[in-house]
Structure formats: C-alpha cells, structure tokens
Amino acid sequence: IIFFSLAFLYIFLGYGVTISNDSVTNVEQIVEMELWSRSSHFSFHLFGIIFYLFFSKLIGLSAITSIEIMLAIISAAGAVSLYEVTLKKFNNAKQALITVAIYAFASGIFRFSCQIEYLILVPSLSLISLYFYSRGQNFIAGIFFSFFLLTSILLVLFTPMFLLFCSYK
C-alpha cells in the first residue's frame with residue numbers, strides 16, 4: 001500500500017521527480033544509450049536506459065517521462081524498505097509510518113532544492129540495500145550497495161546507517 005501510494009504521489013502529481021533543465025545532458029545521453037559516457041553517474045544512466053527502453057520503445061512514452069517513472073519507482077521502493085527496516089528495528093508500525101512520511105516529504109524537498117536527479121537514487125538504493133542487509137541477504141544487499149556507490153562515490157557517507165539500523169537495541 002505504501003509503495004503504490006508513494007508511486008502515485010510521485011508519478012501523477014510530479015512530487016519530487018520532475019526533471020530539471022540541468023539534466024538535459026543526462027537525458028540526451030540516456031536516449032543515445034551512452035552508458036559509459038559519464039562514469040560518475042553510472043547507475044543513473046544504467047537504470048535510465050533500462051526504463052527508457054521499456055517505457056519509450058515498448059509503450060511510447062517520452063524519455064523524460066520514462067526517467068520520472070524510474071525515479072518514482074525507485075524512491076517508492078526505498079520508502080517501503082525504510083518502513084520494513086524501521087518496523088523490524090523498533091517493532092512499532094506507527095513509528096515506521098511516521099518515519100516514511102518524514103522521509104517522503106523531506107526527500108521531495110531535497111530533490112526540488114538541489115535539482116540533481118541522480119541524487120534521488122542514492123538514498124533510495126542505500127535504503128533498499130539496508131533492507132536486504134537487515135534480512136541477512138548480504139549478496140543482494142551488496143548488489144544494491146554497489147549501484148548506490150556507482151551513482152556517486154562521495155556519498156559513501158551514508159554507510160554508517162547500516163550500523164545505526166542493524167545493530168542490536
């Protein structure tokens with residue numbers, strides 16, 4: 001329910017996933033399928049090309065709409081992961097819902113203020129990785145963590161959250 005509500009909010013209302021004018025270069029590189037052109041945003045381009053091929057080529061949506069859908073789906077998956085991790089850690093559904101609401105609201109403000117689309121992926125991918133890590137599925141967690149690092153290596157500063165959320169009470 002959380003995933004579908006946030007995906008609806010993100011996609012249909014355009015909350016937090018609007019592509020800015022600064023990302024025209026990224027969209028052009030995704031449309032031209034230049035995966036290796038900017039190594040600093042590798043995951044953004046990889047997921048962008050996958051969603052572009054699916055939504056633009058098969059369904060007929062524009063490239064920008066495809067990228068907005070990608071950002072919405074990954075953001076909603078990150079919020080659901082945050083809910084599951086918080087619920088497991090604190091065993092309180094009300095607190096988990098409040099945490100997701102704060103995350104969804106704050107991340108939307110963050111997206112509008114910085115207008116850098118690839119930074120949307122970093123907290124979302126790290127939360128998805130944290131979810132799998134907290135479940136003991138370290139291989140899958142490592143895959144998502146590597147995508148998170150391939151999006152922006154300097155954002156390795158998110159790694160202490162693994163200690164905060166996955167340590168004993």
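Note that the coordinates shown come from a computational prediction; the quantities given were computed from them, not determined experimentally.
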Report summary line: In short, A96 meets L87 closest at the heavy-atom pair CB-N, 4.0 Å

Query - Distance in Å, T86 OG1 paired with K94 NZ, rounded so as to fall on 0.5 Å steps - result: 15.5 Å

Report task. Work out which heavy atom in F144 is nearest to a heavy atom in S129; give both atom names and the distance. Result -> CB-CB, 3.8 Å

Query raised in the report: How about F147 and F47: are their ring centres within less than 6.0 Å of each other?
Result: yes

Query raised in the report: How many angstroms lie between atom CG of L46 and atom CZ of F51, to the nearest 0.5 angstrom?
Result: 10.5 Å

Report task. Would you mind telling me which of I74, L82, L71 makes a side chain to side chain contact (heavy atoms under 4.5 Å, CB included) with S124? Result -> I74

Query raised in the report: How long is the gap from OG1 on T99 to CG on N92, to the nearest 0.5 Å?
Result: 9.0 Å

Query - Atom pair CG/OH of L127 and Y131 - distance to nearest 0.5 Å - result: 13.0 Å

Report task. Quick one: closest heavy-atom pair of A141 and Y133, and the distance? Result -> CB-N, 3.5 Å

Query raised in the report: Roughly how far, to the nearest 0.5 Å, is NZ of K89 from CG of L130?
Result: 10.5 Å

Report task. Evaluate the ring planes of F145 and F148, with Trp represented by its six-membered ring, and classify them as parallel (under 30°), tilted (30 to 60°) or perpendicular (over 60°). Result -> perpendicular

Requested in this report: May I ask you to decide if L61's main-chain N or O and S56's side chain share a donor-acceptor pair within less than 3.5 Å?
Outcome: yes

Requested in this report: Could you tell me whether a side-chain N or O of S126 sits under 3.5 Å from a main-chain N or O of P123, the two making a donor and an acceptor?
Outcome: yes

**Report entry** Separation of S146 OG from L125 CG (nearest 0.5 Å)
**Finding:** 9.0 Å

